[in-house]
Peer 1: 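This is the structure I want to talk about, given as structure tokens.
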Amino acid sequence: MPGLPADVAHPAYDRAAVKTGVVHLGIGAFHRAHQAVVFDDALAAGDPRWGVLGASLRSPGVRDQLEPQDGLYTLVVRDGAGEHLRVIGACRGVLVGPEDPGALVAAMADADVHIVTLTVTEKGYRLDPATGELLVDDPDVAADLADISAPRTAPGFIVAALNVRRAAGLKPFTVISCDNLPHNGRRIRAAVLAMARRVEPALADWIAAEGAFPQTMIDRIVPATTSEDISRLEARLGVRDEGMVKAEPFTQWVIENRFAGERPDFAALGVQLTDAVEPWEDAKLRLLNGAHSAIAYLGALSGLEHVHEAVARPALRAYVDALWDEAETTLNPPPGLDIAAYRRELMARFSNPALMHRTRQIAMDGSQKLPQRLLAGAAERLAAGQGIAAIALGVAAWMRWQSGVTESGEVFVVDDPLAARTAELLAGADSDQARVAALLTLSAVFPPALAADPRFVTAVTEASLSLTMHGAVGAARRVTESAR
Ligand code: CS2
């Protein structure tokens, strides 16, 4: 590309010949640094069917960044050894759902589209976390059911587009959830079928029979881009790239081998296809994400701004190992995953000094993350009669974070969909015991059986008292000392 430094990789394929084969719902940094790169690789390998049309279901921000750049943006891959820049050409445009829902439905119903990927976070599935049922009283779901031709929600867009495809005699597209949730394929399928059944039972039957919603495990650490990142890249490139994303070198995508129609040659693109994604999912959620959340709260409470700074503290590093010792016994590792090697690799990834991954970014939305990252493992360990001191400290640190004050007394805004509820519950609680008891009543986070288990209550209360007495780093040190 004219004007780009010679060491910056860029699309060598003919972008004008690319077709839109993928629509992505929820085009944030993670999509641009992960799935879009795989589709860009497919285009570079000579298969022009896999251009991506992005969609934002809320705000026009990403469209406004990417449109003036013709969909091009830079992926900055960083580690201690330096940085590698690559311009990604897979994105063919961005539609903003609320501005023109019909245009997005029509794009998804196009015969060339074979795959719809999505990253809309747990909230975006519109399912009750406790029952897994569609939230029919949610105002956006109700609006979608009243007029499916102008949807607002992710499942609504999928149902609307599948409805048009069925009427046109087309096959369904494959729906690939890329959210960091257990059984993500099953969840989006449940939401889509529940909505479709209310629109027209025959549509739901057709989707159930012909559609495909593979489960996936997706992994790449993608910290939020800062204005400093953009300025630094500008100094290097000579142009300002508002759509840039930064990521670590590691990337992994495991997809259940189940598709409704055409797909790229995923295996040739480094994607792992398997019949059993769950063991991969559990290992990633409980080891990587479980440790991420625990050190995010402990680190942020004690003023450690970035993940690499947290794991550079010997007490927190040893704590992560203790947490992994606990989580590991709950896993059923898939063939091909060496847990000891995986742990070593994870620690090296967390230690990457060039990523500047903020503990506060990971601390966001903890109420949605805790169940699969820490609580599921705790329940399984208790059922096996095993201790949970390290996991309990992660849970207690999340609870402490809900108070909105760090150890140095800095007041911050808790960024969580349940923040108003947790603040309300904490309002009258004036001791560690009372705070733990109050938050354990949140059934959307704590399964009632776990919240009622005296071993769980005791472990979390003790961890909370330890946080109060010794601070986050001191409490972490005590967990590892007692584990020895
Ligand atoms: C992180 C994840 O912000 C978070 O909650 O734990 O985004 C994590 O970086 C990714 O899952 C890595 O694949």
Side-chain angles (χ1 to χ4, degrees), residues 26 28-38 75 77-79 117-124 176-184 215-226 245-255 270-272 277 280-300 304-308 310-311 316 320 323-324 327 337 342-343 345-352 354-377 391 394-395 397-398 401 414-418 445:
F30 185 66
H31 172 73
R32 280 176 282 156
H34 187 280
Q35 305 100 67
V37 180
V38 172
L75 167 67
V77 175
R78 277 195 197 146
D79 66 10
T117 48
L118 63 154
T119 47
V120 293
T121 79
E122 174 134 306
K123 303 174 285 225
I176 308 184
S177 162
C178 301
D179 280 298
N180 215 3
L181 305 167
H183 326 308
N184 51 14
Q215 318 265 84
T216 63
M217 185 276 258
I218 61 270
D219 189 7
R220 185 169 221 177
I221 297 176
V222 183
T225 306
T226 63
V245 289
K246 64 172 172 179
E248 62 173 340
F250 182 93
T251 183
Q252 188 177 21
W253 197 1
V254 183
I255 307 182
V271 175
Q272 293 162 253
V277 172
W280 288 99
E281 210 173 75
D282 286 345
K284 192 246 167 182
L285 286 168
R286 295 185 192 181
L287 296 174
L288 188 159
N289 297 114
H292 242 179
S293 286
I295 51 178
Y297 298 116
L298 293 167
L304 294 163
E305 208 185 326
H306 300 104
V307 172
H308 71 280
V311 295
L316 290 180
V320 167
L323 184 73
W324 285 341
L337 182 64
Y342 187 62
R343 285 174 54 160
E345 189 178 30
L346 282 182
M347 193 60 96
R349 291 169 64 192
F350 289 174
S351 306
N352 183 339
L355 270 185
M356 304 296 274
H357 196 188
R358 297 185 72 229
T359 46
R360 286 195 184 192
Q361 182 187 343
I362 302 168
M364 261 169 53
D365 284 0
S367 68
Q368 316 291 303
K369 297 174 176 174
L370 230 54
Q372 57 274 18
R373 296 182 178 201
L374 295 174
L375 304 178
I391 298 179
V395 176
W398 171 76
W401 189 250
V414 178
D415 193 340
D416 191 295
L418 295 188
V445 179

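All values derive from a computational prediction rather than experimental measurement. The basis for the numbers below is simple: all heavy atoms, side chains too, and nothing from hydrogens, waters or symmetry mates. Each ligand, and each atom within it, is numbered from 1 in the order the structure gives.
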Peer 1: Under the side-chain hydrogen bond (donor to acceptor under 3.5 Å, both in side chains) rule, collect the residues that match up with R349, sequence neighbours excluded.
Peer 2: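 If we apply the side-chain hydrogen bond (donor to acceptor under 3.5 Å, both in side chains) test to R349, skipping adjacent residues, the hits are D219, E248.
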Peer 1: If the cut-off is 4.0 Å to any non-hydrogen atom of N180, which atoms of ligand 1 fall inside it?
Peer 2: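 With N180 as reference, the close atoms of ligand 1 come out as 11 (O).
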Peer 1: Please check if the side chain of R358 supplies one atom and the backbone of A300 the other of a donor-acceptor pair under 3.5 Å.
Peer 2: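 No, because the side chain of R358 does not come within donor-acceptor range (under 3.5 Å) of the backbone of A300.
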Peer 1: Numbering the atoms of ligand 1 from 1, which are under 4.0 Å from a heavy atom of K284?
Peer 2: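 Answer, ordered by atom number: 10 (C), 11 (O), 12 (C), 13 (O).
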Peer 1: Which atoms of ligand 1 sit under 4.0 Å from any heavy atom of K369?
Peer 2: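 Those atoms are 3 (O), 4 (C), 5 (O).
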Peer 1: If you measure from each heavy atom of M364 to ligand 1, is any distance below 4.0 Å?
Peer 2: no
Peer 1: Would you say K369 and N180 are linked by a side-chain donor-acceptor pair, where the criterion is simply a distance under 3.5 Å?
Peer 2: no
Peer 1: Show which atoms of ligand 1 fall inside a sub-4.0 Å distance from at least one heavy-atom site of D219.
Peer 2: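 So the answer, numbered in order with elements, is 12 (C), 13 (O).
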Peer 1: I'd like to know if the side chain of Y297 and the backbone of A363 have a donor-acceptor N/O pair within less than 3.5 Å.
Peer 2: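 Looks like yes, one N/O pair under 3.5 Å.
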Peer 1: What protein heavy atom is closest to atom 9 (O) of ligand 1, reported as residue, atom name and distance in Å?
Peer 2: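 For this ligand atom, the closest protein heavy atom is H292 CE1, 3.3 Å.
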Peer 1: For M217, which part has a heavy atom under 4.0 Å from ligand 1: side chain, backbone, both, or neither?
Peer 2: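 It is neither part, as no heavy atom is under 4.0 Å.
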Peer 1: Would F350 and H357 count as a close aromatic pair, with their ring centres under 6.0 Å?
Peer 2: no
Peer 1: Taking distance alone, with no angle check, do R349 and ligand 1 share an N/O pair under 3.5 Å?
Peer 2: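 So ligand 1 has no N or O lying under 3.5 Å from an N or O of R349.
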Peer 1: Between H306 and L355, is there a donor-acceptor pair closer than 3.5 Å when you use the side chain of the first and the backbone of the second?
Peer 2: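 No.
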Peer 1: Look at atom 2 (C) of ligand 1 and say which protein heavy atom is nearest, naming residue and atom and giving the distance to 0.1 Å.
Peer 2: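 I find the closest protein heavy atom is N289 ND2, 3.6 Å.
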Peer 1: Would you say Q361 has any N or O atom under 3.5 Å from an N or O of ligand 1, going by distance alone?
Peer 2: no
Peer 1: Taking salt bridge (Lys or Arg N to Asp or Glu O under 4.0 Å) as the definition, give me every residue that meets it alongside R286, ordered by chain and number, with sequence neighbours left out.
Peer 2: E380
